[in-house]
Amino acid sequence: MKGETVERILVIGSGGSGKSTLSRKLGGILKLPVIHLDTYFWNANWVPKENAEWDQIVERFTYEDQWIIDGNYSRTMDSRIKRADLIVFLDMPRVLCMYRIFKRRIMYHKKSRPDMNEECPEKIDWAFVKWVWNYRTRSRKNTIKKLEHIQKPQQVITLKTRKQVDEFIRSLEQNPN
């Protein structure tokens with residue numbers, strides 16, 4: 001990451017792109033606290049937080065000195081982008097994202113994922129499948145526009161393949177500063 005100290009990292013991308021997995025790995029390498037937004041957005045039984053409460057939670061997190069935050073939540077993305085030193089955009093192929101959401105549904109059958117509220121057992125429904133499938137046409141363009149306006153000293157890294165993600169992780173393991 002070009003020798004600069006990175007204290008706040010935002011990881012964004014489609015559902016199934018690997019945001020939570022990458023965030024956990026980065027947290028281990030860089031010794032930064034990891035915040036999975038899904039853990040805080042969802043109340044028991046997949047009931048979302050009210051907007052005002054959610055905004056306060058996100059703002060509180062973004063004003064911490066150090067963090068890795070993963071999650072899209074486009075309504076609050078600008079505030080996270082503004083505070084991040086580094087934004088990692090996982091721009092993965094649609095088919096890979098789809099494969100991963102079905103895989104984790106099987107892996108966590110009747111259980112909650114580690115990056116999810118404990119009272120939200122893994123599920124998959126048609127609305128979520130469509131949401132992931134349509135990410136590239138619905139949200140990707142807006143995300144790219146936001147990232148194009150970022151100026152130094154903030155950095156943006158776009159990773160488009162599993163190989164690029166692996167290379168990024170390896171480079172950090174070799175030089176975590």
Side-chain angles (χ1 to χ4, degrees), residues 1-2 4 6-27 30 32 34-42 48-49 51 54-64 66-104 113 115-116 124-169 171-172:
M1 292 179 291
K2 302 175 187 160
E4 294 119 24
V6 175
E7 302 283 323
R8 293 175 302 278
I9 301 172
L10 177 60
V11 181
I12 55 178
S14 173
S17 63
K19 296 180 300 292
S20 297
T21 301
L22 177 60
S23 296
R24 277 192 301 276
K25 288 178 181 177
L26 293 177
L30 301 173
L32 294 172
V34 177
I35 300 163
H36 303 289
L37 290 182
D38 281 344
T39 304
Y40 299 93
F41 181 76
W42 296 105
K49 294 272 190 292
N51 286 347
W54 179 239
D55 292 350
Q56 289 176 342
I57 290 168
V58 172
E59 188 166 328
R60 188 179 77 236
F61 285 142
T62 61
Y63 278 94
E64 294 291 324
Q66 296 183 320
W67 44 258
I68 297 170
I69 296 178
D70 78 58
N72 286 325
Y73 297 97
S74 57
R75 201 173 60 72
T76 61
M77 190 181 292
D78 288 340
S79 65
R80 287 176 278 131
I81 285 174
K82 197 180 304 180
R83 290 277 299 150
D85 302 316
L86 171 66
I87 298 100
V88 179
F89 176 39
L90 296 177
D91 192 17
M92 296 294 158
R94 176 187 280 164
V95 173
L96 177 62
C97 295
M98 295 300 291
Y99 166 76
R100 286 177 172 169
I101 66 167
F102 285 107
K103 177 183 172 187
R104 75 182 181 205
R113 297 190 320 259
D115 57 313
M116 186 58 67
I124 200 162
D125 57 24
W126 184 242
F128 183 64
V129 170
K130 283 190 342 186
W131 185 84
V132 172
W133 182 259
N134 291 324
Y135 174 83
R136 291 188 81 76
T137 53
R138 182 195 65 251
S139 302
R140 181 178 179 267
K141 201 177 299 181
N142 289 335
T143 298
I144 290 170
K145 270 187 202 168
K146 288 177 189 284
L147 298 179
E148 287 173 346
H149 289 85
I150 291 175
Q151 298 178 3
K152 300 225 179 237
Q154 288 180 300
Q155 295 179 40
V156 176
I157 296 175
T158 300
L159 303 172
K160 296 182 176 218
T161 65
R162 288 186 282 195
K163 182 179 177 187
Q164 288 178 342
V165 171
D166 291 342
E167 289 169 357
F168 176 61
I169 291 167
S171 73
L172 291 176

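Side chains included, hydrogens not; waters and symmetry mates left out as well; all remaining heavy atoms used. The chain is numbered in sequence order, starting from 1.
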Exercise. Taking side chain as C-beta onward, heavy atoms only, is Leu159 less than 4.5 Å from Val88?
Worked result: yes
Problem set entry | Gap between atom OG of Ser23 and atom CD1 of Ile12 - 0.5 Å precision | 11.0 Å
For this session: For Val58 and Arg80, run side-chain contact (heavy atoms from CB on, under 4.5 Å): C-alpha distance rounded to whole Å, both residues' side-chain angles, the deciding distance at 0.1 Å, then the answer.
Result: CA-CA 8 Å; Val58 172; Arg80 287 176 278 131; 3.9 Å; yes
Exercise. How about Lys49: does its NZ atom have over 12 heavy atoms from other parts shown lying under 6.0 Å from it?
Worked result: yes
Exercise. When you look at Ile101 and Ile124, which way does the side-chain contact (heavy atoms from CB on, under 4.5 Å) test go after all the steps?
Worked result: CA-CA 8 Å; Ile101 66 167; Ile124 200 162; 3.9 Å; yes
For this session: Verify, without hydrogens or angle tests, whether Arg136 (side chain) and Lys141 (backbone) share a donor-acceptor contact under 3.5 angstrom.
Result: no
Problem set entry | Test item: Asn72 and Met77 side chains (from C-beta on) under 4.5 Å apart, heavy atoms | yes
Exercise. To the nearest 0.5 Å, how far apart are CD1 in Ile35 and CZ in Arg60?
Worked result: 8.5 Å
Exercise. Can you tell which of Phe41, Trp42, Tyr40 makes a ring-ring contact (aromatic ring centres under 6.0 Å, His included) with Tyr73?
Worked result: Phe41
Problem set entry | Side-chain donor-acceptor contact under 3.5 Å, Ser79 with Arg83 | no
For this session: For residues Phe61 and Trp67, establish whether the separation of their ring centroids is below 6.0 Å.
Result: no
Exercise. Between Val132 and Cys97, what is the shortest heavy-atom contact and its length?
Worked result: CG1-CB, 3.9 Å
Exercise. Does CZ in Phe128 sit with more than 12 non-hydrogen atoms of other residues, nucleotides or ligands closer than 6.0 Å?
Worked result: yes
Exercise. Just by modelled atom types, is the Ser17 backbone N or O under 3.5 Å from a matching donor or acceptor in the Arg100 side chain?
Worked result: yes
Exercise. Is there a side-chain contact between Asp85 and Leu10, using heavy atoms and a 4.5 Å cut-off?
Worked result: no
Exercise. Roughly how far apart are Met92 CE and Gln164 CD, rounded to 0.5 Å?
Worked result: 7.0 Å
Problem set entry | Arg8 (side chain) donor-acceptor with Thr62 (main chain) under 3.5 angstrom | no
For this session: Taking Glu7 for its side chain and Ala84 for its backbone only, find out whether a donor-acceptor pair lies under 3.5 Å.
Result: no
Exercise. Is there a side-chain contact between Asp78 and Lys82, using heavy atoms and a 4.5 Å cut-off?
Worked result: no
Exercise. Which is it for Ile87 and Val11 under the side-chain contact (heavy atoms from CB on, under 4.5 Å) test, yes or no, and what are the steps along the way?
Worked result: CA-CA 6 Å; Ile87 298 100; Val11 181; over 6 Å; no
For this session: Report yes if the side chains of Ile150 and Gln155 come closer than 4.5 Å at any heavy-atom pair, otherwise no.
Result: no
Exercise. Does a side-chain heavy-atom distance below 4.5 Å link Trp133 with Arg94?
Worked result: yes
Exercise. Hey, are the side chains of Asp55 and Arg75 touching, using non-hydrogen atoms and a 4.5 Å cut-off?
Worked result: yes
For this session: Could you grab the distance from atom CG of Leu147 to atom CD1 of Ile157, nearest 0.5 Å is fine?
Result: 11.5 Å
Exercise. Which value, rounded to the nearest 0.5 Å, describes the distance between Asp70 atom CG and Asp38 atom CG?
Worked result: 7.0 Å
For this session: Go through Lys19 and Phe89 one step at a time and tell me if the side-chain contact (heavy atoms from CB on, under 4.5 Å) criterion holds.
Result: CA-CA 9 Å; Lys19 296 180 300 292; Phe89 176 39; over 6 Å; no
Problem set entry | Within-4.5 Å side-chain heavy-atom neighbours: Ile69 and His36 | no
Exercise. Could you give the distance from OG (Ser74) to CG (Asn142), rounded to the nearest 0.5 Å?
Worked result: 8.0 Å
Exercise. Do any N or O atoms from the side chain of Thr21 and from the backbone of Gly18 form a donor-acceptor pair under 3.5 angstrom?
Worked result: no
